Amino acid sequence: MAEVKTIICQKVGEYLSAKGVTLSEEEILGFFETPADSNLGDLALPCFKLSKLLRSNPAAISADLAAALGDLEGVEKIAPTGPYLNFFFAGDKYISDLAKLLTDDYSDIQKTGEGKTMVLDFSSPNIAKRFHLGHLGTTVIGNAVRNIYNFCGYKTFALNYLGDWGTQNGKQIVAYKKWSNRELLEKEGIKELERIYVLFGKEAEKDPSLNDQARAAFRELENGNKEYLEIWQLFKDISLREYTQTYKRLGIDFDVWDGESLYTDKMPAIVEELREKGLLKIDDGASIVDLADYNMPPALILKRDGSTLYPTRDIAAANYRFNTYNFDICAYVTSAGQSLHFAQWFKVTELMGKEWAKNLVHIPYGTMSFGGEKLASRTGNIILLNDVFDEAVAKARAIIEEKNIAQGNKEEISEAVGIGAVVFGALSNSRIKDTDFTWEGTLSFEGNTGPYVQYTYARAASVLRRGEYNGNYGDYKPNDNEIELIRKLSEFGNVVLRAAKDFEPSHISRYALSVCTAFNQFYHNCRILGMGGETEQFRLALTVASRNVLGRCLDLLGMKRTEEI
Ligand code: ARG
């Protein structure tokens with residue numbers, strides 16, 4: 001039997017196309033919601049999402065659609081309720097849903113992105129600076145978005161656009177030559193690079209000519225000065241060594257490490273194209289693209305001295321990426337502070353007539369702070385990400401020991417839970433909201449936290465280790481608690497699609513929490529082990545399904561599956 005939702009979706013699609021509105025199955029699926037209260041049905045279509053398309057009011061659409069759909073296989077009742085159309089499934093629907101969940105097969109979701117390519121630019125730190133709290137958002141949101149799109153069948157390229165080319169590199173070279181050496185650098189790593197960068201800032205306040213020296217050094221670098229290129233490469237190697245460690249801890253892989261430096265020789269052609277297309281204007285010696293018609297300040301393309309700027313490079317890089325990957329989506333995860341920059345250069349590519357301009361997406365996020373402390377950059381007083389992870393792991397370990405709950409290797413579990421807690425913390429709010437971490441709120445095993453999800457996953461895994469599941473649950477009739485859990489678990493595919501559409505990992509983290517609540521309610525109210533017969537088998541089946549779905553959520557969020565806590 002085809003899935004009931006698929007049938008409903010197809011019928012709604014037919015209804016819409018009869019009215020001259022053609023949408024993909026993916027788009028239609030995206031309209032549906034699961035009502036919070038099961039008394040309102042098993043599936044709901046909020047018709048206000050259709051009112052613009054159909055040029056009619058939601059309540060009228062709902063009533064008309066109900067009449068048009070008539071009787072559907074697997075559906076007991078279709079009820080128009082104001083702007084909503086609610087579907088009530090027939091009882092045995094839950095049994096077929098459970099069977100589907102047990103296969104853990106999501107090829108239907110995989111099909112939605114078949115043949116499509118996504119390029120995702122995230123993390124992208126500026127070399128010679130250690131990973132700090134400011135990098136957490138882009139790194140973990142980017143990774144989750146990437147996992148989500150992979151799950152949806154996209155071919156994804158994770159791209160780390162290292163900030164490895166700019167006047168700051170000139171400053172670093174000057175500072176290195178004055179106050180450091182190779183040995184110190186090898187020994188102290190990126191810390192040394194940071195020390196001399198901060199020192200440069202202080203000294204330049206006293207002696208502004210240092211800034212001229214830095215500019216000159218960068219120009220030398222651009223002109224291919226061998227000594228400078230070697231120093232620069234050393235900075236890069238040392239930085240990457242450290243970044244790789246952090247990425248490894250987080251289980252993040254990048255496919256491409258093309259930093260800003262790679263795109264330098266690709267900019268002149270873009271500047272020329274802008275000129276040819278009549279888009280460049282000279283303003284006080286600088287070259288700009290006027291965006292007044294779009295209520296934005298101008299995009300700066302060339303400085304007065306002819307040097308290029310951040311937008312110039314981004315345009316050249318996007319052009320190169322389209323030629324290289326032929327992307328359907330090219331997305332950038334950065335703090336919301338860069339939103340204007342992206343809006344501006346996206347607009348420029350549109351004005352250039354680039355057909356791929358419409359495929360560019362900015363994924364902004366809010367600030368992250370710890371216990372109210374924002375990161376104070378430049379002063380050297382920053383919250384380092386590795387310190388945050390270390391402390392989270394130590395705290396996780398203390399909790400695990402105190403509760404005496406670890407069944408497996410304590411070290412591994414503490415690492416997975418500590419890091420998972422921070423990752424989940426960064427993904428639990430809508431990304432655009434500001435997040436303030438507290439240890440309490442991040443690490444508690446009982447709150448809306450990563451450890452709670454991992455602990456619930458481990459609880460299911462533990463039941464399955466102790467029980468003997470054989471799949472023979474006959475025609476057991478589920479009780480309300482069990483139905484509630486199946487309903488919740490069955491939402492998974494739709495939640496992933498929604499998370500993909502909105503580039504919003506928090507849809508998954510919130511959903512994972514609600515699965516935990518449903519599973520724990522079931523676990524407390526319905527005895528599993530020792531029941532014997534079909535009841536025990538049915539409940540074990542539900543436990544398998546819960547573990548599958550929670551495991552998938554952890555994978556998507558970029559957290560470790562914890563088999564034993
Ligand atoms: N390196 C930049 C920064 O640290 C982020 C780069 C984002 N990606 C891009 N294509 N502009 O702020």
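Numbers here simply count residues along the sequence, with the first being 1. From a predicted model like this one, the values you see are computed outputs, not experimental measurements. Only this structure's heavy atoms are used, side chains among them; waters, hydrogens and symmetry mates stay out. In each ligand, atom 1 is the first atom listed, and ligand 1 is the first ligand listed.
Side chains of S123 and H135: a donor-acceptor N/O pair is absent below 3.5 angstrom, by distance only.
For atom 12 (O) of ligand 1, the nearest protein heavy atom (residue, atom name, distance) is Q338 NE2, 2.9 Å. Here the protein heavy atom with the shortest distance to atom 8 (N) of ligand 1 is D121 OD1, 3.2 Å.
In the vicinity of D314, heavy-atom distances shorter than 4.0 Å reach the ligand 1 atoms 9 (C), 10 (N), 11 (N). Remark: ligand 1 atoms within the under-4.0 Å shell around heavy atoms of Y310 are 2 (C), 5 (C), 6 (C), 7 (C), 9 (C), 11 (N). Atoms of ligand 1 found under 4.0 Å from any heavy atom of N126, numbered from 1 in the order shown, are 1 (N), 2 (C), 3 (C), 4 (O). Applying the 4.0 Å criterion to heavy atoms of S124 picks out, from ligand 1, the atoms 1 (N), 2 (C), 4 (O), 5 (C), 6 (C). Counting the atoms of ligand 1 from 1 in the order shown, those under 4.0 Å from a heavy atom of T334 are 7 (C).
The nearest non-hydrogen atom to atom 9 (C) of ligand 1, considering only Y161, F122, W345, Y263, comes from Y161.
Proximity of I196 to Q172: side-chain heavy atoms (C-beta onward) are nowhere separated by under 4.5 Å.
Using a 4.0 Å cut-off between charged nitrogen and carboxylate oxygen, R130 and E188 do not count as a salt-bridge pair. Look at K49 and E33 and you find a salt bridge, because one of the NZ, NE, NH1 or NH2 atoms lies within 4.0 Å of a carboxylate O, short of that distance. A salt bridge is absent between E242 and K191: the closest approach of a Lys/Arg side-chain nitrogen to an acidic carboxylate oxygen does not fall below 4.0 angstrom.
Annotation: E25, atom CD; neighbour count of heavy atoms from other residues, nucleotides and ligands within 6.0 Å does not exceed 12.
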